Amino acid sequence: MADVGATGAEIRATRIEKAKTLQVQGMTPYAYRWERTHTAAVLQEKYAHLAAGEAVGDRVSVAGRIMARRIFGKLAFFTLQDDSGTIQLYLDKQTITQGMGEAAFADLKHLTDVGDILGAVGTLKRTEKGELSVVVESYTMLTKSLLPLPDKWHGLTDVEKRYRQRYVDLIVNPQVRDTFRKRALITAAIRRYLNEQGFIEVETPVLQTEAGGAEARPFITYHNTLEMQLYLRIATELHLKRLVVGGFEKVYELGRIFRNEGISTKHNPEFTSIEVYQAYADYHDMMALTEAIITTAAKEVLGTLKIPYQGQTIDLTPPWRRVTMYDAVAEVTGIDFRQLGDLTAAKQAAQKVGVKDLDACDTIGRVLNEVFEQTVEPTLIQPTFVLDYPVEISPLAKAHRSQPGLVERFELFIVGREHANSFSELTDPLDQRQRLEEQARRKAAGDLEAHGVDEDFLTALEYGMPPTGGLGIGIDRLVMLLTDSPSIRDVIAFPLLRPEGTTGQL
RNA sequence: GGGUCGCUAGCUCAGCGGUAGAGCACUCGGCUUUUAACCGAUUGGUCUUGGGUUCGAAUCCCAGGCGACCCA
């Protein structure tokens with residue numbers, strides 16, 4: 001082989017040469033299939049009893065990516081990684097020569113690289129150093145890798161590269177694979193629980209003529225044939241309620257929603273939520289349901305309700321603390337908003353406790369919410385339901401049955417972050433119309449997070465929606481909590497990043 | 001939007017005004033019990049981009065790009 005250097009381009013060229021050599025020898029570097037008898041984990045489990053130095057004649061077939069090569073003169077050890085774990089290949093020249101011919105051992109040394117995907121057939125033994133190994137009789141190149149993997153010891157740590165090339169991150173960082181496996185377990189557990197309770201999973205439109213169901217800026221797109229602007233959904237709420245009107249009494253949708261807002265450790269422009277609607281239920285029922293869903297998920301992935309998160313221990317054992325927004329704010333700041341007469345007094349009280357950005361608050365309720373977000377939220381580490389929100393920030397929630405100016409709504413906070421939001425849903429179509437028209441006025445006045453009136457939704461309500469409890473849970477944040485991940489980008493496989501090499505626009 | 005930090009070999013990092021380095025990976029040679037194998041020899045660079053200062057810039061200054069964290 002030619003004397004080659006070691007830049008990325010040269011490494012790649014060398015490996016392309018190796019692939020061609022394989023082809024010349026009648027082996028495709030890109031195989032069609034492989035008959036595998038065992039995964040690595042199954043072998044480790046099944047032959048756990050083998051003592052060091054002990055061998056058995058059982059013939060097995062494995063496949064996976066070469067993660068490490070340790071080559072001696074006439075003996076080599078490869079670490080093979082598959083979806084389940086790793087298994088060592090014990091490759092001695094004599095056995096391979098018997099199985100495949102004279103050149104096979106030299107080819108193994110010169111034509112395989114870390115990163116290649118290999119199939120191997122052989123028998124089992126535990127080496128004298130105690131490593132379960134497949135004593136390889138024959139091997140097959142299944143996929144020749146052209147690009148070198150990151151440093152075998154330090155791995156890939158550059159966060160930008162980890163996000164941009166998640167496939168590399170997944171190959172070399174086992175804990176990343178583990179996080180995404182847990183994510184799948186969580187969504188599966190939630191679906192299983194809800195299905196068992198008689199809920200049905202439905203799918204509602206992502207492309208909508210009017211964004212609604214939340215206060216957020218939408219993404220805008222365009223349908224060519226209809227020649228119309230469309231929005232990507234910011235919530236699934238308004239369509240799920242239409243289904244409740246239609247007679248489905250227990251529905252949920254677990255899916256992607258899109259909000260055209262900033263990016264942070266807690267926000268990605270597209271993220272996953274679950275919304276659940278149950279007829280004849282109110283927000284108290286939804287609290288119990290929230291506890292059930294989240295504890296089911298926690299038990300599924302962690303097997304316990306006392307979970308570690310960034311150095312703290314969170315106790316998810318229900319029932320969780322319930323506190324009204326008024327009481328929570330009073331506890332932390334000493335301000336009793338029930339005693340405040342007007343907006344000016346409310347703003348003064350808020351400023352006195354260090355709350356900022358009150359300019360946009362035009363009602364006492366909005367001041368209350370601002371004070372809550374700035375002073376109370378960060379203190380809610382253990383799971384806490386905060387109840388009874390101001391009506392003006394809750395346009396889809398039913399008026400509180402006994403507290404004027406408030407609605408029957410709760411949000412769930414854990415580790416200082418909102419994890420769920422729920423109402424006794426507003427079913428009065430005339431009240432709903434007024435609330436949406438107020439939102440539309442805000443939109444007209446320039447509020448980019450407000451939306452127009454969804455007339456068809458109001459029409460649906462006018463046909464009559466049963467009393468209904470609704471609940472939304474942020475799946476990404478729940479996965480963060482249950483996988484001890486500090487950033488939402490750790491639980492979204494392909495988080496949105498600005499493309500590399502874009503030249504300055506604006 | 002503001003602040004701080006980062007960007008040097010495929011990966012992980014040093015170098016901070018005077019000839020661009022190390023470890024791992026790669027290539028070659030040796031080696032039948034390794035698991036960050038080992039030993040020896042090579043090879044590998046638009047130092048994020050563009051300007052500027054300087055006899056001389058990876059290093060200092062200005063502007064841009066991308067990212068991380070904190071604040072709003």
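Every heavy atom of this structure was used, including side-chain atoms; hydrogens, water molecules and symmetry mates were not. Computed from a predicted structure; not experimentally measured. Each chain gets a letter, A, B and so on, in the order the sequences are listed, and its residues count up from 1.
At a threshold of 4.0 angstrom between heavy atoms, the contacts of K356(A) are confined to the sugar-phosphate backbone, with no base atom among them. As judged by a 4.0 angstrom heavy-atom cut-off over every strand, R12(A) is placed among residues making no nucleic acid contact.
Between R498(A) and the phosphate of C66(B), there is a side-chain N or O to OP1/OP2 separation shorter than 4.0 Å. Side-chain nitrogen and oxygen atoms of R489(A) include at least one within less than 4.0 Å of the OP1 or OP2 phosphate oxygen of A68(B). Close to C11(B), at under 4.0 Å from its OP1 or OP2, lies a side-chain N or O of K161(A). Note on T14(A): every side-chain N or O is 4.0 Å or more away from OP1 and OP2 of U27(B). In this structure, K152(A) reaches the A25(B) phosphate: one of its side-chain N or O atoms is under 4.0 Å from OP1 or OP2.
Atom CG of L91(A) and atom C1' of C31(B) are 16 Å apart (whole Å). A straight line from CG of D151(A) to P of U12(B) spans 8 Å, rounded to a whole angstrom. Nucleotide G10(B) holds its C1' atom 13 Å from the CG atom of D158(A), rounded to whole Å.
Base pairing in RNA chain B gives the following stems of 3 or more Watson-Crick or G-U pairs, range against range and under 3.5 Å: B:1-7 with B:65-71, B:10-13 with B:21-24, B:27-30 with B:38-41, B:48-52 with B:60-64.
With both ends at atom C1', the span from C28(B) to G64(B) equals 44 Å, rounded to whole Å.
Side-chain contact between V415(A) and Q312(A) is present, with heavy atoms from C-beta onward closer than 4.5 Å. With contacts defined as side-chain heavy-atom distances shorter than 4.5 Å, the pair F385(A)/T290(A) qualifies.
Salt bridge status for D476(A) with K266(A): absent, with no side-chain N to carboxylate O gap under 4.0 Å. Of the charged side-chain nitrogens involved, none lies within less than 4.0 Å of a carboxylate oxygen, so that E131(A) and R70(A) do not count as a salt-bridged pair. A salt bridge between E438(A) and R441(A) is present, with a side-chain N of the basic residue lying under 4.0 Å from a carboxylate O of the acidic one.
Comparing G45(B), A37(B), A68(B) by their nearest atom to the side chain of F72(A) picks out A37(B).
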